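Only one structure is covered here, and it is reproduced in the block below.
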Amino acid sequence: MIDLARVTRPLIAPSILSADFSALGRDVAAVERGGADLIHVDVMDGHFVPNITIGPLVARSLHRVAARPLDVHLMISEPDRYIDAFVQSGAAMVSVHVEAAVHLQRCLERIRTLGAKAGVVLNPSTPASALADVLDDLDFVLVMSVNPGFAGQRFIPHSLPKLQRVRDALAAAPVPIPIEIDGGIDATNAADVVRAGADILVAGQAIFGTADPEAATASLRAAALAGRPAASPV
Ligand code: DX5
Ligand code: ZN
């Protein structure tokens, strides 16, 4: 079980949304060789977001071949209906959008009851204050730095000050809660987002959109480490 309360260096979570869907096992193995900490799985339903991607059956197959924990990002309406299926398919982390989960606290409790880590996702226009009443129910927060639905979008600059606001909102939590950032992350902004408070960096195009996803994973980690204060443990 991944210990999210003890994250001491930036974690890299390649998003398979930009991988070759006919060769997911090969692509996952490549980023794992490059040092990926998590495998980010983007689940879209064509309703909450315009795109449609993958379901629990694909997650189950990935779980069989992946050495790293699956980080499942649910961009779906009524996420309550699919939490069990994704955890049973091997998800170690499951995150649900504030904007999609009518019964957010119940979703988080269910994810934890099933033995996975529970995350809350904030769209770019959703304020950090949305976290205030679920601080006891959270294992991580995912800050969207693009509007969800597609890989390869441009990083929204407003995400940097927002990371700090999320960090402040989490200060009242009973345990340290890591912040994941997702959308438009690459080697040019990795240090900035780490400096602003991100602990887990998701990247799709910046990794699988290159000729060498293994090397791109390692490069992104190196870029992220540059955002750590010199004295901090890595
Ligand atoms: C966006 C997804 C992201 C996306 C990231 O809706 O949640 O995980 O795949 O892709 P890039 O890094 O290309 O923005
Ligand atoms: Zn995602």
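What you see is a predicted model; the values in this text were computed from it and never measured. Keep in mind that the numbers below use all heavy atoms, side chains included, and drop hydrogens, waters and symmetry copies. Both counts, for ligands and for their atoms, begin at 1 and track the order of listing.
Checked against ring-ring contact (aromatic ring centres under 6.0 Å, His included), H73 has the following partners two or more places apart in sequence or in another chain: H40, H97.
When the shell of 6.0 Å around OH of Y82 is examined, it contains 12 or fewer heavy atoms from other residues, nucleotides or ligands.
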Within the protein, flag every N or O under 3.5 Å from an N or O of ligand 1, and note the pair and distance.
unit_1	atom_1	unit_2	atom_2	d
ligand 1	6 (O)	G149	N	2.7
ligand 1	7 (O)	D42	OD1	3.0
ligand 1	7 (O)	H73	ND1	3.2
ligand 1	7 (O)	D182	OD2	3.0
ligand 1	8 (O)	H40	NE2	3.4
ligand 1	8 (O)	D42	OD1	3.1
ligand 1	8 (O)	D42	OD2	2.7
ligand 1	8 (O)	D182	OD1	2.7
ligand 1	8 (O)	D182	OD2	3.0
ligand 1	9 (O)	S15	OG	3.1
ligand 1	9 (O)	D42	OD2	3.1
ligand 1	12 (O)	G204	N	2.7
ligand 1	13 (O)	G152	N	2.8
ligand 1	13 (O)	Q205	N	2.9
ligand 1	14 (O)	G184	N	2.8

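At a threshold of 4.5 Å between non-hydrogen side-chain atoms, the residues E78 and H47 do not count as touching. Side-chain contact check for V121 versus E180: every heavy-atom pair is 4.5 Å or farther apart.
Here the rule is side-chain contact (heavy atoms from CB on, under 4.5 Å) with V94, and of D71, L74, V41 only L74 fits it. Between M144 and the choices D182, I181, L122, the side-chain contact (heavy atoms from CB on, under 4.5 Å) rule is met once, by D182.
Between the side chains of T188 and D186, at least one donor-acceptor pair of N or O atoms lies under 3.5 Å.
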Return a table of donor-acceptor pairs under 3.5 angstrom between the side chains of residues 12-23 and protein atoms on other chains or two or more places apart.
unit_1	atom_1	unit_2	atom_2	d
S15	OG	L17	N	3.2
S15	OG	D42	OD2	2.6
S18	OG	Q205	N	3.4
S18	OG	Q205	NE2	3.2
D20	OD1	S22	N	2.9
D20	OD1	S22	OG	2.7
D20	OD2	S22	OG	3.4

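For a distance threshold of 2.8 Å, the protein N, O or S atoms nearer than that to the Zn ion (ligand 2), listed by chain and number, are H40 NE2, D42 OD1, H73 ND1, D182 OD2.
Shown here for D37 and P69, the closest heavy-atom pair between the two residues is O-CD, 3.4 Å.
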